[in-house]
Amino acid sequence: MAHFRLFDLNDQQYRAATHPQGALLVLAGAGTGKTRVLTARIAWLVSQGVPPSSILAVTFTNKAVREMRERIISILSAQEAKVMTISTFHALCVRFLRRDAALLGYKENFSILDESDQKGLIKKLATRIHDTEDPLSPEIAEAFISNVKNATASIHQAPAALQSLFLRYQEELQALNAMDFDDLLVNACHLLASEEEVRLFWQQHYKYLLVDEFQDTNKLQLELLSHLVGDPVNLCVVGDDDQSIYGWRGAQRSNLLQFEKHFAHPQIIKLEQNYRSTHLILQAANRLIEHNAHRHKKNLWSTQEEGEPIRVISGAEERSEAEFIIDEISFMNPSQWDHVAILYRMNAQSRLFESILREKNIPYRLIGGKSFFDRREIRDVMAYLRALLNPQDDQALLRVLTTPPCGLGKRTLALLIQIAAEKKSPLCSLLLHPAEHQAFSSKSREALARFSENWSSYQIRLQIPGQDPALLLEDILREAGYRDDLKKSCKTPQEAHQREHHVEELLESLREYCQKNPHQGIQGFLDSMSLAQEKEEKKEERHGVTLITLHAAKGLEFEQVYLVGLEEGILPHARSQEEGNIEEERRLCYVGMTRAKKKLTITYARARRKFGKLLPSTPSPFLLELAGEDVHESTMEEILSRPLQELDAQDAFASIRALLQ
DNA sequence: GAGTTGCTTCTTTTT
DNA sequence: GAAGCAACTC
């Protein structure tokens, strides 16, 4: 066990990593080596003879999964990392459900509806129910449905229209053999709760549970864990109540704060030594978070140097804010760029930064935002796969029928849908049976026949063992004339090229996936795509200035951080103030500040464009709360009119030299 | 039946 | 200021 000191763990970390058994709660402040403890614990378990396949590590985001897997590979081996389950909650649920969905009345080839499919369906149903006097807003309906599923709202207290919408929506999903994101959790919980055999199976499979970011778990996720924990209990959770920023998704900090209520006699270990930030950064962040009333008091301390003072800088408006920051970055040595991040509250804020960075030819990586999978062409191709795998998925099939148009127009499709609804059977069963085509014109009949013939042949090919899925997809796209149609719909050749490239990329990742996971098939590929909100970056492609939301930045760290848009209405966000969640916004700000290792710059604009109009903005109240001697306030104009100091000049020369090389 | 234009409406955060 | 949507034209 002595070699464990190799990890250079402090006493608390060491105790957590080598805790033998039972429930373990690690309260880990920002930058105290949370992930390091988790990975060290996994390594320790393996060193004690625990089979890697019986270890389950759960996190919230795919990014965290990737990161943890990489770390495990670096300390254990790729082989051991592979047989371990490192997964998001949602992906874990899919795994359970693919095995046993039949017990819940679904087929195991169910589709996973992404957000925009879900929105579309809700909209459709909302307009259908709309005959009452007050029209249903799809946004409200969507939030309501999610809240009911996450057990934060009760269906019985809602207006009748919402109730019936909810029920219709669930019926519709059942008919499509589809689940939305929330259903994955709901159904997996239900499965484990009601089927003892299944529960025991997974309990015996996963004997060692580790959960990251436990403060973000909601009621269902806690329930899922409690079903998974077997006997003897071996559960290790890590979290920080000050970094709980997913309340809007039903996360309950009480899961962490009252851990002992859920799991008996836990060992509690606090990690308070911060290894990340300079003393001044930590101090300012602590000052801010002290303003929150309900929290676990902790005593975060840093052994790091005092560091540079924190800067709070205002610009005239959003453009000057962005230009100032990027000017500064452009004067840094380009080797620094990988270690700089710009953090913002909403994705929309990234746009300006992006365009200026592009103007200046500074490489950047944009995390999140409009994802790869939101692109039309990707959704198209995914719809082909979905419709193929789950013939009941009318949503996907409808998309296939219209992209590219296959000779069936609005009227024919409407009639088709109507007949299907009357017969209560999925579209594809109509399509594939010529006997059902009587009602249509001869032209439509022809198109229907052609389509059904092609489609059946694809279905057959899908069943052939050893069939190359990428090849099949390639053939389908070619026979449908998809690429030509895509090209035609683009306004510029560049756009066409871009979109085609995206399709190639998707095909490429399908190929890659099938090679890496020969037994998972297209279904596995589709699952991993549905649950990944962004495309995986190749390791070597990760370079340049990072643009990222505060939410997505949790768990990451950077040498230099620019925290932007500290204005009333943005951070804290206007909506959160209405809802009285100001403490969560403060935590969000805290998360942002504690991402910085060496240098922290906080900016705001004194006026900002909203709805296309320039409006004056008020500085965020958080600025006052974090203010102190070590926080220097100024304006961008002031700094720009200041004569260049010698050090700055040296820096500038260094970066020019680097550029020339 | 397909494409295009001008209208409106929204803007948190993620799986 | 964009992105979706409805009504309009070819």
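The analysis underlying the following values was restricted to heavy atoms, covering all of them including side chains, and did not include hydrogens, waters or symmetry mates. Computed from a prediction, not measured in an experiment: that's the story for all the values here. In what follows, chains carry the letters A, B, and so on, assigned in the order in which the sequence lines appear, proteins first and then strands, with residues in each chain numbered from 1.
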Undergrad: How is A:E115 classified with respect to the nucleic acid when contacts are heavy atoms under 4.0 Å: base, sugar-phosphate, or nothing?
TA: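 Here A:E115 touches the bases of the nucleic acid.
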
Undergrad: Looking at every strand, decide which applies to A:K123 at a 4.0 Å heavy-atom threshold: base, sugar-phosphate, or nothing.
TA: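 The answer is sugar-phosphate, as A:K123 gets under 4.0 Å only of primed atoms, P, OP1 or OP2.
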
Undergrad: Side chain of A:W248 only, heavy atoms from C-beta on: which candidate in C:dA2, B:dT15, B:dT14 is closest?
TA: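 Closest of the options to the side chain of A:W248: B:dT14.
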
Undergrad: When you measure from the side chain of A:S146 to the backbone of A:E142, do you find a donor-acceptor pair of N or O atoms at a distance under 3.5 Å?
TA: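 Not at all, since once roles are kept as given, no pair shorter than 3.5 Å links the two residues.
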
Undergrad: Taking atom P of B:dT15 as reference, at what distance in whole Å does atom CG of A:D180 sit?
TA: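 Taking atom P of B:dT15 as the reference, CG of A:D180 is at 15 Å.
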
Undergrad: How close or far is atom P of C:dG4 from atom CG of A:D117, stated in whole angstroms?
TA: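 Checked: the CG to P distance equals 14 Å.
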
Undergrad: So, the side chain of A:R99 versus the backbone of A:R95: is there a donor-acceptor pair under 3.5 Å, distance only?
TA: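 Not at all, since once roles are kept as given, no pair shorter than 3.5 Å links the two residues.
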
Undergrad: Any salt bridge between A:D180 and A:K149, counting N to O under 4.0 Å?
TA: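 The answer is yes: the pair qualifies as a salt bridge.
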
Undergrad: Would you indicate what A:T61 reaches in the nucleic acid, counting non-hydrogen atoms under 4.0 angstrom: base, sugar-phosphate, or nothing?
TA: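 A:T61: backbone/sugar contact only, no base atoms under 4.0 Å.
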
Undergrad: Are A:S530 and B:dT15 close enough that a side-chain N or O sits under 4.0 Å from OP1 or OP2?
TA: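 For B:dT15, neither OP1 nor OP2 has a side-chain N or O of A:S530 closer than 4.0 Å.
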
Undergrad: Could you work out the separation of B:dT13 and C:dG4 based on their C1' atoms and round it to a whole Å?
TA: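 The answer is 22 Å between these two C1' atoms.
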
Undergrad: To the nearest angstrom, how far is A:L224 atom CG from B:dT15 atom C1'?
TA: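 Computing the A:L224:CG to B:dT15:C1' distance gives 14 Å.
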
Undergrad: Round to a whole Å and report the spacing from CD of A:E584 to P of B:dT13.
TA: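 One finds 13 Å between P of B:dT13 and CD of A:E584, rounded.
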
Undergrad: For the side chain of A:T88, starting at C-beta, report the closest nucleotide among B:dT15, C:dA3, B:dT14.
TA: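 Side chain of A:T88 sits closest to B:dT15.
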
Undergrad: Give one of base, sugar-phosphate or nothing for A:Y246, where a contact means two heavy atoms less than 4.0 Å apart.
TA: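 Sugar-phosphate contact only.
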
Undergrad: With a 4.0 Å limit, can you tell me whether A:N347 has a side-chain N or O closer than that to the phosphate oxygens OP1/OP2 of B:dT14?
TA: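 Yes.
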
Undergrad: Please report, rounded to the nearest Å, how far the P atom of B:dT15 is from the CD1 atom of A:I245.
TA: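 Distance check: A:I245 CD1 to B:dT15 P gives 11 Å.
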
Undergrad: Tell me: CD1 of A:I367 to P of B:dT13, nearest whole Å?
TA: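 So the CD1-P distance, A:I367 to B:dT13, works out to 15 Å.
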
Undergrad: Cation-pi check for A:Y246 against A:R253: NZ or CZ below 6.0 Å from the six-membered ring centre and within 45 degrees of the axis, yes or no?
TA: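 No, A:R253 does not lie over the aromatic ring of A:Y246.
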
Undergrad: Would A:F60 count as stacking on B:dT15 if stacking means ring centres less than 5.5 angstrom apart and planes tilted under 30 degrees?
TA: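 Answer is no, no stack.
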
Undergrad: Which whole-number value in Å describes the distance from A:Q243 CD to B:dT13 P?
TA: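 From A:Q243 CD to B:dT13 P: 20 Å.
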
Undergrad: Evaluate the ring planes of A:Y206 and A:F96, with Trp represented by its six-membered ring, and classify them as parallel (under 30°), tilted (30 to 60°) or perpendicular (over 60°).
TA: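 If you compare the ring of A:Y206 with that of A:F96, the planes turn out tilted.
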
Undergrad: In whole angstrom, what separates A:M346's CE from C:dG1's C1'?
TA: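 That distance rounds to 14 Å.
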
